[in-house]
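Below is one structure, written out as structure tokens; the observations come after it.
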There are 2 protein chains.
Amino acid sequence: MIIEKKCFIDNQNRGITTDLIKLLAPYFKHHKYKAKEHLWYDGDNANKMFFINSGIVKIYDILEDGNTITIYIFEKNTLFGFMPFFDEEPYPAYAEVVKESDISTIDRATFNKIIKENPELSLKLMKILSKRLRDAMIKISENNNKDTLSRVASMLVSIYFTHNNCYTENQNYTIEMKLPSYEIANYIGVTPETLSRNIKHLSEKKIIEKIGKRSYKILDLEQLKEISSIY
Amino acid sequence: MIIEKKCFIDNQNRGITTDLIKLLAPYFKHHKYKAKEHLWYDGDNANKMFFINSGIVKIYDILEDGNTITIYIFEKNTLFGFMPFFDEEPYPAYAEVVKESDISTIDRATFNKIIKENPELSLKLMKILSKRLRDAMIKISENNNKDTLSRVASMLVSIYFTHNNCYTENQNYTIEMKLPSYEIANYIGVTPETLSRNIKHLSEKKIIEKIGKRSYKILDLEQLKEISSIY
DNA sequence: CGGGACTTTGAAACTTCTCAAACTAAGTGG
DNA sequence: CCACTTAGTTTGAGAAGTTTCAAAGTCCCG
């Protein structure tokens, strides 16, 4: 359970959402989005929620200085965008497709009706909401860590666990970044240059090794964990 | 509603919790906690939830480098500690009393029973959970802002709005920090020295003025907003 | 009045960011 | 199929800002 604490990409697809999705499926409208398209903007009022069939979506915010910070990276089988349904406030951030996505949506009214007819579903939603909150709290901790190297290490370790479904600790030490490195940098709150330098540093220390455009092999997981010092 | 976006101290006491608390009240157990006492530790399993009648509690985490980061500061009339009830994971952070508090607790089993008998309550909880998530997302944005001055300004503005209940924009420009300044510093993710220097800077620019040990007068709210550039 | 806790100030060290430029990879069009 | 263009990554050097550490100052309470 501590392992799961650090999944890099929200890995919701482990039974939590399935019942929910099954129920919602008949009402879903499907739509394809290209990279860079926005699902919503900061301040928008929510009138629907989203489910990713394939692709990647990021939730980000624009900071005072004009820079951006990515708050979540959502992958397939993720249900999101429903928070404003409950607290009745607009979206507090932007949602942008970063990789061509196949997304299902359901409008608020329909959703409310379904929930009303199936009150037990709210518990599932609560679970998802809790998971989001937990992730956000972890992110707050991580991003406040001044040392960028441990942030990078954390990120790598959590990609490793995400790939292994956060549960099985198998022997496949190959990890793959599904996003360009500037997106990853943004997610962990550093500049691309800083990320690059830290990756280089870890490579020189033979802790990781670049084996492809966006893939790395973890040579020394224990030391990587040590540096990230979360596990 | 944008105004509310930035309440410094979670100001839950506006009707959201009242119904809930009324129902839970008969089952509450009351307890007084002194400053520095812990309600729970990171990794603890949750067996009860908490309601603050008076006092202040902070939720914080310990970072890799040994420093700490405060994630939430909860005041009276706040219900918290229930997130692990839903996602079945342990607490992801610590809860420490920072100011002598009068706290009611309710155990998990009792709570579950009440929820089961009153399913409409889960919607209220969802609302609180959403609010927490929203606050967390805002905090992620703010803490990633490299410029510490704007973080300090943000903090001051949001204390201002919190004091004014986040709704009424009255003429009382006096704000009071309810915590020692090192706690405030920790909350916004800077050192006490940096906070002090920024406060000094704002004072020199006649944007705020110290009028008491922990109280300030906002002389130029517009400029303070400008610097925080959130509103 | 004295002690302890907290805050402010100063100076130096450190790290990241910024900016610029070289480099690489990939995709496009001739 | 190659040259060209563009997007993205890496490298370097310098600037900027916060942190760190140390010390002085302030405030409150016994």
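Below, chain A is the first sequence line, B the second, and so on; all start at residue 1. All heavy atoms count here, side chains included; hydrogens, waters and symmetry mates do not.
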* To do: Would you confirm whether Arg151(A), through its side chain, and Ile188(A), through its main-chain N or O, come within 3.5 Å as a donor-acceptor pair?
  => yes
* **Outermost DNA chain D nucleotides near chain A [under 4.0 Å, heavy atoms]** => dG8(D) to dT19(D)
* Give a yes/no answer on whether the side chain of Lys146(B) brings an N or O atom under 4.0 Å of OP1 or OP2 in dT16(C). => no
* To do: Compute whether any side-chain donor of one residue and acceptor of the other, for Ser54(B) and Asp102(B), lie under 3.5 angstrom apart.
  => no
* Check the surroundings of atom NZ in Lys146(B): do more than 12 heavy atoms from other residues, nucleotides or ligands lie under 6.0 Å from it? => yes
* Structure fact -> Under a 4.0 Å heavy-atom cutoff, the residues of residues 193-212 of chain A touching DNA chain C are Glu193(A), Thr194(A), Arg197(A)
* Do the side-chain N and O atoms of Asn53(B) and Ser104(B) include a donor-acceptor pair separated by under 3.5 angstrom? -> yes
* Assign the ring pair Trp40(A) / Phe50(A) to parallel, tilted or perpendicular, where the plane angle (0 to 90°) is split at 30° and 60°. => tilted
* Asked: Can you tell me if Asp61(A) and Thr68(A) form a side-chain donor-acceptor pair at under 3.5 Å?
  -> no
* Asked: Within 45° of the six-membered ring axis of Tyr187(A) and under 6.0 Å from that ring's centre, is NZ or CZ of Lys139(A) located there?
  -> yes
* Asked: Does the pair Lys178(A)/Glu75(A) count as a salt bridge with the N-to-O cut at 4.0 Å?
  -> yes
* To do: Mind grabbing the angle between the end helix axes of the helix from dC1(C)-dG30(D) to dG30(C)-dC1(D)? Five pairs an end, 10° rounding.
  => 30°
* Asked: Using 30° and 60° as the class limits, which term best fits the ring planes of His31(B) and Tyr33(B): parallel, tilted or perpendicular?
  -> perpendicular
* Mind calculating the distance between CG (Asp147(A)) and P (dT16(C)) to the nearest angstrom? => 6 Å
* **Whole angstrom value for the distance that separates P of dT16(C) from CG of Asn145(B)** => 18 Å
* **Lys213(B) NZ - dA5(C) P separation (whole Å)** => 14 Å
* Asked: Do Tyr41(A) and Tyr91(A) make the cut of ring centroids closer than 6.0 angstrom?
  -> no
